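Heads up, the thing below is written out as structure tokens.
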Amino acid sequence: MAMKIFFSTFLSIFLVCISEVQGRKSLYSLNGKDKLAPFFRSDSDGICKSMVDTQGYKCEEHKVTMKDGFILSLQRMPARRSGKTADKPPILLQHGIFSDAIVWLFNSPDESLGFILADNGYDVWLANTRATTYSSGHISLTPNDQAYWDWSWDELVSYDLHACVEYVYNQNGQKLHYAGHSLGTLMALAAFSEGELLNMIRSSALLSPIAHLNQIPSPAIKVAADIFLADVLYWLGLREFVPKEQEARQLLEKICAIPEVNCSNLMTVFTGPNCCINSSRIDVLLDHEPQPTSTKNMIHLAQMVRNGNIAMFDYGDQAQNMQHYGQASPPVYDMTSIPNDLPLFLSNGGNDTLSDVNDVDVLLHNLKDHGKDKLTVLFIEEYAHVDFVMGVNANRVVYQPMMNFLKQYN
Ligand SMILES: *[C@@H]1O[C@H](CO)[C@@H](O)[C@H](O)[C@H]1NC(C)=O
Ligand SMILES: *[C@@H]1O[C@H](CO)[C@@H](O)[C@H](O)[C@H]1NC(C)=O
Ligand SMILES: *[C@@H]1O[C@H](CO)[C@@H](O)[C@H](O)[C@H]1NC(C)=O
């Protein structure tokens, strides 16, 4: 969620934090000791304990080690609230940037997708991407090491997504459904465009889909992208982008200085006017979010905002690209290569500034040869970016139609 940063709900949320609740407790506070706190967490204070057990659902903590050393946590909800074991296929939920699996559990069990899917008989798995609180472990590195932050969403595709899909497939033994929000949709679209994971996936639901990013109407997001791209070496030197820390605040000050930007509601500035979020829960959200990401990831997204293409991270000079990719420019993820028979459910909102209507139209054009019976598009005029995960009416508006779609492929 930051240039399009946004990509997730995230930016907006993080911006809310920065400006309105500085000093709020943070897992990544400026105090160096607290900064390491996530590394000493045990499963006993994981997401199962804090978000799921308390609601009376079964929950298991799992750990998966990536080929590049990150150790991710996954939560599994294998039964309904009644205790009845799941009798439908597994489904993996992937959050967006600045976020973690908590977004799927945040509202009440009747409003949150994680609980709703469990109550409908799915074997629910929640992913947490690298460097978020519950996936911050690494076999040899710590966040103080430069190498720990040397990744963008390319690695979220090639390592995190791959490993999580494979893990769930192996544990359950059946092909899985996938559901992503925001950056979690880009990760899947990129993998599918390369023909990856298809042997383990039965269908994919994409909420607030992110693919092309260069028609975003928001001046704030464009300026954020320009700021990252104007000084790539500075940002890469910071390695970690922590929304609540000083560099992010300075970035925000620059953005809010633009006359077209009204920063009185930062959530709206970066994600659009969300119609249906319970504002009395924002404080609770800020106890968990936003989560940090790498500055390299932010730069990668900024490149997309500026260029309009969907390609791997651009090292900015031909020699370095050659060294990484064997070609002078970064390889492109070609959305027209997504197999036409892959069942896709795509839902976007008319008021979403990150997954903006024009960019989604380009994606739909890429998918124009997709089997008509394999592509369901649900447009929700009044929704903005965060409504898809936190809207109090999302069950009726999005999740019920989504489950009707899944049912065809159970
Ligand atoms: C900014 O938005 C707030 C709330 O929507 C509004 O009250 C205020 O007048 C706006 N400021 C400007 C300069 O437009
Ligand atoms: C909004 O959140 C408050 C506080 O958690 C809760 O009491 C209320 O029921 C919520 N409203 C809806 C519509 O979910
Ligand atoms: C989109 O947001 C604007 C500004 O908040 C609002 O006036 C408009 O009604 C919203 N659009 C829809 C379709 O709800």
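Indexing begins at 1, ligand by ligand and atom by atom, following the structure's order. Residue numbers count from 1 along this sequence. Just so you know, these numbers come straight off a predicted model, no measurement behind them.
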For this session: Output yes when a side-chain donor or acceptor of His138 lies under 3.5 Å from a complementary backbone atom of Thr142, and no otherwise.
Result: no

Problem set entry | Glu381 N/O to ligand 3 N/O under 3.5 Å | no

For this session: Show which atoms of ligand 2 fall inside a sub-4.0 Å distance from at least one heavy-atom site of Asn278.
Result: 1 (C), 2 (O), 3 (C), 8 (C), 10 (C), 11 (N), 12 (C), 14 (O)

Exercise. Can you name the side-chain contact (heavy atoms from CB on, under 4.5 Å) partners of Ala190, sequence neighbours left out?
Worked result: Trp153, Val157, Tyr333

Exercise. Between Asp87, Asp123, Asp119, which is the residue that forms a salt bridge (Lys or Arg N to Asp or Glu O under 4.0 Å) with Arg80?
Worked result: Asp87

Problem set entry | Partner of His212 by side-chain hydrogen bond (donor to acceptor under 3.5 Å, both in side chains), out of Asn366, Asn358, Asp356 | Asn366

Problem set entry | Asp68 and Arg130 ion-paired at < 4.0 Å | yes

Problem set entry | Basic-acidic side-chain contact under 4.0 Å: Asp314, Arg306 | no

Problem set entry | Side-chain donor or acceptor of Glu194 paired with backbone N/O of Ala191 under 3.5 Å | no

Exercise. In this structure, which one of Thr132, Asn128, Thr133 forms a side-chain hydrogen bond (donor to acceptor under 3.5 Å, both in side chains) with Gln291?
Worked result: Thr133

Seminar exercise, completed: The protein residues that pass the under-4.0 Å heavy-atom test against ligand 1 are Asn262, Ser264

For this session: Using a strict 4.0 Å cut-off to heavy atoms of Glu111, name the atoms of ligand 2 that fall inside it.
Result: 12 (C), 13 (C), 14 (O)

Exercise. Counting from 1, what ligand 2 atoms have a heavy atom of Ser280 closer than 4.0 Å?
Worked result: 1 (C), 2 (O), 3 (C), 4 (C)

